[in-house]
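Not measured: the values here are computed from a predicted model. Throughout, residue positions are numbered sequentially from 1 according to the sequence presented.
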Amino acid sequence: MMMRRMLCGVGLLAALGMGAGCAHSEARQARSQGEKVGEAFAEKARFADQLAIFNQKQIALGQLALERSGNPEVRRFAQVLIRDHQNSLSDLQTLAESKAFSLAMVDLSTQETATGGAGLEGAIQGVEKGDKSYDKKTDKQVRKFLERRDELASLEGRQFDKEFLEQIEDDQEAGRDLVNEGLDRYRDDTSLALLLSRTGPVLRSHESQINTLQGFLDR
């Protein structure tokens with residue numbers, strides 16, 4: 001940037017028109033760079049949103065299991081699930097605050113979403129790019145989850161326990177994929193990479209517990 005400014009200065013001494021063109025080029029490059037920074041920031045915030053929504057869905061399903069299941073082992077697992085994902089969500093909220101963006105917080109008890117996600121400050125054009133399609137994607141995710149939650153809520157006894165565990169197993173696998181994606185994309189972000197590296201083993205532990213519980217239910 002210093003060299004570019006020096007070249008502009010030389011141009012102004014030689015020809016005023018050339019200097020103006022250089023200044024225009026520099027401003028255009030600055031806008032382009034700002035947009036790229038904004039896009040990268042928005043992408044990271046949206047990734048954090050997805051992780052936050054994942055945690056919130058697991059908490060909601062754990063709470064449903066406490067309401068619907070009569071199996072003490074399934075209920076105990078549901079408590080672990082709620083605790084671990086509440087801790088993960090809390091850590092994620094702390095991280096988001098440190099990076100000056102807000103997370104998507106979803107009301108999973110209704111058909112409405114209360115999202116604060118990707119509410120960012122920075123290069124506005126880059127940040128807002130893709131917002132509409134992202135919001136539609138998030139709304140679709142929430143609607144699909146609510147439909148599935150209602151299906152599970154209509155079940156009881158052993159049938160509920162089996163389908164609840166199958167759903168959580170699928171979710172935890174998808175969660176691991178999300179964590180691995182984040183570790184690959186944001187390995188240079190030390191704080192986010194550390195959070196993700198702590199999350200992976202927790203999800204694997206949940207999957208192990210699910211396999212054990214499924215074995216008991218199949219007897």
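- Once rounded to the nearest 0.5 Å, the distance linking CZ of Arg75 with CZ of Arg68 reads 12.0 Å.
- Classification of Asp189 and Lys44 as a salt-bridged pair holds, one side-chain N sitting under 4.0 Å from a carboxylate O.
- Within the 4.5 Å cutoff, the side chain of Asn211 has heavy atoms near those of the Glu169 side chain.
- For the atom pair CD of Gln56 and OG of Ser88, the computed distance is 10.5 Å after rounding to the nearest 0.5 Å.
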Discussion item. Between Phe164 and Leu64, is the side chain to side chain contact (heavy atoms under 4.5 Å, CB included) condition met? List the steps.
Written reply: CA-CA 9 Å; Phe164 163 72; Leu64 179 63; over 6 Å; no
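- Once rounded to the nearest 0.5 Å, the distance linking CG of Leu195 with OG1 of Thr94 reads 9.0 Å.
- Using a 4.5 Å heavy-atom cutoff, the side chains of Asp49 and Thr138 are not in contact.
- Side chains of Ser205 and Gln209: a donor-acceptor N/O pair is present below 3.5 angstrom, by distance only.
- Counting heavy atoms from C-beta on, the side chains of Arg198 and Asp91 come closer than 4.5 Å.
- Residues Phe47 and Leu178 come closest through the heavy atom pair CE1-O, 3.3 Å.
- Scanning all heavy atoms of the two residues, the minimum distance from Gln172 to Leu81 falls at NE2-CD1, 3.9 Å.
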Discussion item. What verdict does the salt bridge (charged side-chain N to carboxylate O under 4.0 Å, His left out) test give for Arg76 and Glu73, after you've listed the backbone C-alpha separation in whole Å, the side-chain angles of each residue and the deciding distance to 0.1 Å?
Written reply: CA-CA 5 Å; Arg76 188 173 294 113; Glu73 295 302 322; 2.7 Å; yes
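- Glu151 places none of its side-chain heavy atoms less than 4.5 Å from the side chain of Glu163.
- Annotation: side chain of Leu152 is in contact with side chain of Phe160 (closest heavy-atom distance under 4.5 Å).
- The two residues Gln63 and Ile82 have their closest heavy-atom pair at N-CD1, 3.5 Å.
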Practice prompt. Output, in order, the C-alpha distance, side-chain angles, deciding distance and verdict of side chain to side chain contact (heavy atoms under 4.5 Å, CB included) for Lys140 and Phe145.
Written response: CA-CA 9 Å; Lys140 183 177 180 180; Phe145 169 78; over 6 Å; no
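- A heavy-atom distance below 4.5 Å is found between the side chains of Lys99 and Ser191.
- With a 6.0 Å radius and a threshold of 12 heavy atoms from other residues, nucleotides or ligands, Glu156 has its CD atom at or below the threshold.
- Within the 4.5 Å cutoff, no side-chain heavy atoms of Leu165 are placed close to those of Lys162.
- To the nearest 0.5 Å, the span separating CD on Gln167 from CD1 on Ile210 amounts to 10.0 Å.
- Ionic pairing of Arg204 and Glu207 is not present here: no N-O contact between side-chain nitrogen and carboxylate oxygen is shorter than 4.0 angstrom.
- A salt bridge does not link Glu173 to Arg176: none of the charged side-chain nitrogens sits closer than 4.0 Å to a carboxylate oxygen.
- Hydrophobic clustering (side-chain heavy atoms under 4.5 Å, transitive across Ile, Leu, Val, Met, Phe, Trp, Tyr) groups Ile59 together with Leu66.
- Leu103 contributes atom CG, which lies 11.5 Å from atom CD of Gln50 (distance to the nearest 0.5 angstrom).
- Closest non-hydrogen pair, Leu61 versus Asp171, comes out as CD1-OD2, 3.5 Å.
- In this pair, His85 and His206 present their aromatic rings tilted. The plane angle is within the 30 to 60° band.
- When all heavy atoms of Leu183 and Ser197 are compared, the pair lying nearest together is CD2-N, 4.1 Å.
- Linking ILVMFWY side-chain heavy atoms closer than 4.5 Å, directly or via other members, places Val202 and Leu95 in two distinct hydrophobic clusters.
- For the residue pair Ile168 and Gln58, the shortest heavy atom distance occurs at CD1-OE1, 3.5 Å.
- Comment: Arg185 engages Glu181 in a salt bridge, judged by a side-chain N to carboxylate O separation of less than 4.0 angstrom.
- In this structure, the separation between CZ on Arg46 and CD1 on Ile53 is 12.0 Å, given to the nearest 0.5 Å.
- The side-chain heavy atoms of Phe54 and Leu51, taken from C-beta on, include a pair separated by under 4.5 Å.
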